[in-house]
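For this chain, numbers begin at 1 and follow the sequence in order. Note: hydrogens, waters and symmetry copies are ignored here, and every other heavy atom, side chains too, is used. Given the structure is predicted, the values throughout are model-derived calculations rather than measurements.
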Amino acid sequence: RAEVFQPEQLRIGLMFRLLKRIVVVVGLLAVLLIAGGPWLLYFVGLGDVTPLPNPPELIEITSRHSDEAYAVWHQFREHGIIRLTPLSPYTIYVDLLIGPDDYAPGGGNIAGFLAKTWISKHSHYHRGFRWKLSTVALATWLTRHWTVEQLLEAAQEINVIRNCGHAAKV
């Protein structure tokens, strides 16, 4: 025996199916945004950084276990032993969830300092969202493409230049 549907029942059924499809599509888009959004922002931010910095050629800090290396490491409030932990675009999620002060991957503070210094000299963005995005992207890139010795050496070079500048002004 076939049931006869009333027009009202057909309309409600069609609306319910449409609503289910909309929910599924919105859910999939949300998952894609959460999974791929940080990488998209990373590449957009890194695209604003031209040229990318070259690592120091002469490494005077010959060992990550030297007193000079530890002095630079601790100057940038890095904790524990000298070990580089490469950042990823997802690191910003961790920062948002537990706060940047509670989660400090090894070398992240030094990479952030180097990125800010580089961006301030080589970018037309000097504040705002694009500046911050480029800085985070470059810091991430530095931890993925430079060694810990190169990061320490570059930070030491900038400190020597800054200290010489301060001494000359006094």
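- Considering every non-hydrogen atom in both Pro38 and Ile34, the closest pair reads CD-O, 3.4 Å.
- A continuous path of ILVMFWY side-chain contacts below 4.5 Å connects Phe43 to Leu52, so both sit in one hydrophobic cluster.
- Side-chain heavy atoms closer than 4.5 Å link hydrophobic residues (I, L, V, M, F, W, Y) into clusters, and following such links, possibly through other members, connects Trp141 to Leu84.
- The distance from the CE atom of Met15 to the CD1 atom of Ile12 is 8.0 Å, given to the nearest 0.5 Å.
- Atom-to-atom distance recorded for His74:NE2 and Asn109:CG is 12.5 Å, nearest 0.5 angstrom.
- Each of Gln150, Glu157, Glu149 was compared with Glu153 under the side chain to side chain contact (heavy atoms under 4.5 Å, CB included) criterion, and only Glu157 meets it.
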Test side chain to side chain contact (heavy atoms under 4.5 Å, CB included) applied to Thr140 and Leu46, step by step: CA-CA 9 Å; Thr140 301; Leu46 205 55; over 6 Å; no
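- A single hydrophobic cluster is seen to contain both Trp39 and Leu142, as judged by linkage of ILVMFWY side chains at heavy-atom distances under 4.5 Å, directly or through other members.
- For the side chain to side chain contact (heavy atoms under 4.5 Å, CB included) with Glu78, the qualifying choice from Val148, Leu151, Ile110 is Ile110, the only one to do so.
- Shortest non-hydrogen contact noted between Ser134 and Asp48 is OG-CB, 3.3 Å.
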Side chain to side chain contact (heavy atoms under 4.5 Å, CB included) between Val24 and Arg21, intermediate numbers included: CA-CA 5 Å; Val24 168; Arg21 288 181 182 159; 5.7 Å; no
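- Remark: the backbone N or O of Pro51 is paired with a side-chain donor or acceptor of Trp118 at under 3.5 angstrom.
- At least one donor-acceptor pair closer than 3.5 Å links the side chain of Tyr90 to the backbone N or O of Ala35.
- Annotation: the span from Tyr70 atom OH to Leu152 atom CG amounts to 10.5 Å, rounded to 0.5 Å.
- Interatomic distance, Leu138 CG to Thr143 OG1, rounded to the nearest 0.5 Å: 9.5 Å.
- Using a 4.5 Å cut-off on side-chain heavy atoms (C-beta onward), Pro55 and Thr147 make no contact.
- In terms of heavy atoms, Gly47 sits closest to Thr50 at O-CG2, 4.1 Å.
- Between Ala139 and Ala115, the closest heavy-atom pair is N-CB, 3.6 Å.
- Closest approach of Arg144 and Tyr42 over heavy atoms only: CD-OH, 4.5 Å.
- For the atom pair CG of Asn54 and CH2 of Trp146, the computed distance is 7.5 Å after rounding to the nearest 0.5 Å.
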Full working for side chain to side chain contact (heavy atoms under 4.5 Å, CB included) between Phe113 and Ile158: CA-CA 10 Å; Phe113 166 75; Ile158 292 170; 3.5 Å; yes
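- With values rounded to the nearest 0.5 angstrom, Lys132 atom NZ is found 9.5 Å from Phe129 atom CZ.
- For the residue pair Ala155 and Val72, the shortest heavy atom distance occurs at CB-CG1, 4.1 Å.
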